Structures are given as structure tokens and as C-alpha cells.
Amino acid sequence: MLRTHTCGELRLSDVGKRVVLTGWVSRIRDLGGIRFLVLRDRYGETQLVVTPESSAYEKAEELGREYVIKASGEVKSRPQDTINPKIPTGEIEVYVDEMEILSPSKMPPFYPGEEAKDDLRLKYRYLDIRGGKVLKNLELRHRVTKSTREYLDSQNFLEVETPYLTKSTPEGARDFLVPSRLKKGNFYALPQSPQLFKQILMVSGVDRYYQIARCFRDEDLRADRQPEFTQIDIEMSFVEREDILNLVEGMIKKVFKEVVDVDLPEKFDRLSYEDAMNLYGSDKPDRRFGMEMKDLTEFFKNSSFKIARSVVDNGGFAKGFVIPNFSERMSRRLGDEFSNFVREFGLGGIVWFSLKGGEITSPTKKYLEKEYIDISRSLDMKEGDVIVMAFHRDWEELCTGLGALRIKIGQEYFKHLEKGFDVLWVVDFPFLEWDDDENRWVARHHPFTMPVLEELEKFKNDPGKIKALAYDIIINGYEVGGGSIRIHNREIQEKVFDLIGLTKEESIEKFGFLLEAFEYGAPPHGGIALGLDRLVAIIAGEKSIRDVIAFPKTASGTCQLTGAPSKVSEKQLKELGIRVEVKE
RNA sequence: GGGGACGUGGUGCAGCCUGGUUAGCACGCCGGUCUGUCAAACCGGUGGUCGCGGGUUCAAAUCCCGUCGUCCCCGCCA
């Protein structure tokens, strides 16, 4: 090693030692006679002192910030009044008598830790990582995966790798395709998840499998979605739903305890999908904001307010939630903003009233005063409370729109509630959902999920009512993981393929290998996949998973560092038998 | 596919709504003073075809259209 110590470890007890430090020059404070340098590496910062008597004095003059240097010298305690309490090495400094420039640096577009726009930060990612929060997040991420591996190992899990070059499947997200040179005109797909392989591993008798697996989905990006992302992928044999939930609770509790010393509840709360939607308007509720939604349909059954009345009379619903102590902030203008916001979700708008000086205040008071009085009493509203309400024919859309508004209000006006960790399970998901575009039922989780078998028969003419043995783990409003008990029986699997409109031929062409495997002794099994990027982002308190990934893509899927995706040569295309037509 | 925000010296921002001097501020960078600084301080200086293209106008950073890039959201994401 070129160094004897890192920049984060020297303390008073090291005083008198001769040390060699390496790192980046992060600050230069030249006081004329005496020069102070701050040397930085992954472990911390140490102040170097170069005096005119030092043989390194001339050398220190050449230095610029971000130069990589090696400095030798003696550790000395700092004079009492110059101790820097802000850094762990603040009680000592190293008097340098020998210095070597290992690598100079041009003036960077921005200094590590300095603010810069996202595209610049990504183009010079190494500067952004160096000494910045991303480096801290990568350390955190390492501790999460380490803790996860230790836990799963202790539970007899086997880490098994599965292929990245695999087969394109019809269900789910759009695949990334990789052309085959040996079989021209054919394509591999990068896996959306190792789903089928891990089930095959169960048939193989692996019994307990996990993998920190990269997954690929060619869909549009978001703050919490990248085209490639990492899952903690888990599958176990001979289990029921409860076994998986227990396992994951143990794992998540261990990770939080070890990584951030947070004690999560012994058992995580559970909410049915229906309750989650009704109370929070989301299948991934953030309960920290409170403001649970209430069904208000009955108050509008005989309403003289035509819009509400007609919605309710035609089988629609009214829902709303109370914003506590909000009447001072509420205004007609804000109400309009809320209305516009819920219109993005397909709702017509909102109505609202506040309780101010014991009176109901609302732009719609003249139409709905009676209803408002009844509602305020029934919900036991307090002085200063505001309630927002919406009417809509479709229950799910109504819940979703209001739920989105609830989150928006929470994030904008109740920021102080956004702390700590709200962990829960959402269970009892619908098995299928109707896809208007494709005009067929599609699997809500995935088509290998075990439906509640009695319901499969009972509701075969109303498949939307069938429930699945599926579960999601939600932390702070993010879907951190989801899983299910799987089908392990060819007949049921075929029945499900049939339900989602897959012909026998298609199902054999696409999933024949799975169906066949089920005929050779498939154990009952189930599992889960946890989004590692999201989990780490939540623990790190980051809004975007980009900040916990070393080299993330931009919202348009490009890598600013390398310039990917990019054109390839004619030769490469020819070898693959591919001709590119670019639309002008 | 749709909506919104942003793009101005190396960096972060102001100016734009209401067109009109030399485009302003902070940080950085360069030079100087300075032997206890720690975001060093102080003095002096450097640096911008206002993302790109077109249009309106006597005149465009400013108004209009298009385009590119980044971010957020809807759709999409089993």
C-alpha cells in the first residue's frame, strides 16, 4: 500500500507516529507562511500542515484542488484553540515533510459535494460520487446487501445465478431485446425478473433460493424506476403465505436494525387491497400523513346537487378526507388547483368546505349546505378542519384520484409528518384486472400467481372478483416488494392462461417448459422480490433511486457518462443480420 | 403518446411577466498581502455569441414557433 493510514482514522492516540496518507486535495488554505491542506478519501478528511521549514513546502505550491497526492509526515496534536470539532480527525494534523503528486487534476466542472445540474453530475459521475452523498449511499447499499445475504444464508438459502440472456415472454413489461448472431433473426430478451427460473429451481429441489438479481424493463422511467434495477429475489418450497411474510419481516427488521439501528415493529401491519384503496386510495399507502378517506355516498343519495346525485344514483360513489387544521390555508384558488390535479386521474374535480368560526365555509355552500352540515357532524370535524370530496362512477378511479391528492397535500403541507418508517403488507389483491386496450383480463401480479382456488370456480363468470395469494410490502408509500404463492400444477396454470386469453398454442410456445416441469414433481412454492434500489433509497432518505445507483440512466434512458445508447457499425449490424430503418 | 418546470461565464442563481444602457449576484479560477486556517480573510483581476434553429420588431436573454437536453407527473411499469 502507498499509505499507512486512511484520511479518516488518525486520532490523538496516534500523535507522534510517522504516517503516509494518500487522497485528494479538497481544500487549500494558504496563509502565506503556513499552508493547510485538507486531504480527502472515502474514509474522511485529515488536515495537513506544510510549514516553510518543510522540504515539501515548494511542492505544496504546485498543488491544485482534486490533485491526488501522497504525503508523509508526523501526526501532531492541534493547539487547543485550533481543534476542529466538526470532523473526527479534528484533534490532530499531519506535519508534512515529504510530498508526491500522484496525479494532477484539471479544474473540474464542479467540485465534489458542490451543487450541479443532474446531467452534468451524471456526465462527471466520478466527481459526483467522490466525497459526495452518493458514495455514502453506495456504502449503505453495500451494508443492506451484506445484511440480506447473511440473513438468507442463516435461513438455509442458496444464492443461485440465472441467465441474463433469456426468452421474451408475452406478459408484463416490454422486453429489452438482444439479437442473436448465431441464429440470425432471433432474439434473446433480458429478464424482467428471474421469475420462471426461480420456479424451475424449486422443481429442481433447490428448496430455498435467493439472488441479488438485475432486472430489465423497457418502460418509461420515473424517480423510482430505472430501465435496469436490482431485486432481492427470493423463492421457497413447501410454504404458505405466512411463511414468506414471516421470513421477509425477519429480514427487513434485521436490515433496518443493522444498517440504521431502527427497530421496526415485531409484526408488520396488514391491510387488504380493498381497505388500502378505501382508506388511502392507493395499493401502496403512506399512512404517515393520516387523513384517512371516508365513504360519503349515503350523504348524497337525496342531494339536490345534481352532479353528486346523478353519480350516486347511477351506482357511483362519494368519498372524501379531512385535512386537519387547514382552513387558514384553504382557498377557492387552492380548491381549483386540487380539482385540476384530480382531473389528471380522470375525476371531474373536487368540492370542499371548511369549518371556520363554527360556520361552514365553501364556494359550494349554497348547493350543499345540508350535506355539509351532516358530514361535518358525522365525521366529528373540528374547528379549522377542511374536507375535500369527490364523486365518481368508478370506485377504483375515485379512490386513486383522491388518494393521489391526499399524498400531494401531505407532501406539500405536512412535510413534518414525512419521517420515520411506515411498513405494512398489502394482501388479498385481485387476481386479474381488465385491460381496456387489449380487451382482455390480465394478471395483476403475474400469471404464475396462485388464485384463491374456491373463487376460481365460484367467479368464473365474474373473474374480477377472484383474489390472489399475492402480497406487497410497502414502506413509506413505496412498493418495496411483491410476491405470491405460485401455481405448481399444470391444470391450474393452463386454466389461468386460458382466463387471460392465452391460446393453448401460445402458452405452450411461450411457457411450455414451465408446464412440462410441473409434470415432474413440482413442490408447492412461493416467493417475493424486493426492489433493492427503492429499499436503499428509502433508508437513505432519497427521493430518487438514481442517488443509490453508481451509474444510473436519465429519464430518457441515456447514460450521460458513456453516451449509451449509441449507433453501432454497419459491420456489427451485418453480423447480426439487422438492417436499421430510421424514421425521419 | 400527453402535461408541466427548467436551460444565462467553470458552478449555482437573478434578470424575462412589462423588449431598449456596459447582462447582475454569489461561489470558483488567476494574481497579490498574510505563520493557526478549517466554506480562511482582505485587495485586485479573469471569464458569458443568454441550449440550438427560425420568426416578430428599428431593437430579442426577454415575445412567438420549432428543436435538443435535464427533471417531475399522467399513460405505461405482469
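Nothing here was measured: the structure is a model prediction, and the numbers come from that model. Quick note on labels: first sequence line is chain A, next is B, and so on, each numbered from 1.
Screening A:Phe229, A:Tyr188, A:Tyr164 against A:Phe216 for a ring-ring contact (aromatic ring centres under 6.0 Å, His included) leaves a single residue, A:Tyr164.
The base of B:G36 has none of its N or O atoms less than 3.5 Å from a complementary donor or acceptor on the side chain of A:Asp81. Put simply, the side chain of A:Arg225 and the base of B:C77 share a donor and an acceptor less than 3.5 Å apart. Checked by distance alone, A:Glu93 brings a side-chain donor or acceptor within 3.5 Å of a matching partner on the base of B:G36.
In this pair, A:Phe36 lays its aromatic ring flat on the base of B:U37, centres within 5.5 Å and planes under 30 degrees apart.
When the side-chain nitrogen and oxygen atoms of A:Lys543 are compared with OP1 and OP2 of B:C72, none of them lie within a distance under 4.0 Å. At the phosphate of B:G3, neither OP1 nor OP2 sits under 4.0 Å from any side-chain N or O atom of A:Arg343. Remark: A:Arg222 is in phosphate contact with B:C74, judged by side-chain N or O atoms under 4.0 Å from OP1 or OP2.
Among the heavy atoms of the strands, none lies under 4.0 Å from A:Arg35. When heavy atoms are screened at a 4.0 angstrom cut-off, A:Asp218 is found touching no nucleic acid atom at all.
Between A:Arg40 and A:Glu66 there is a salt bridge, since a side-chain N of the basic residue sits under 4.0 Å from a carboxylate O of the acidic one.
Comparing B:U11 with B:C50, their C1' atoms are spaced 16 Å from each other, to the whole Å.
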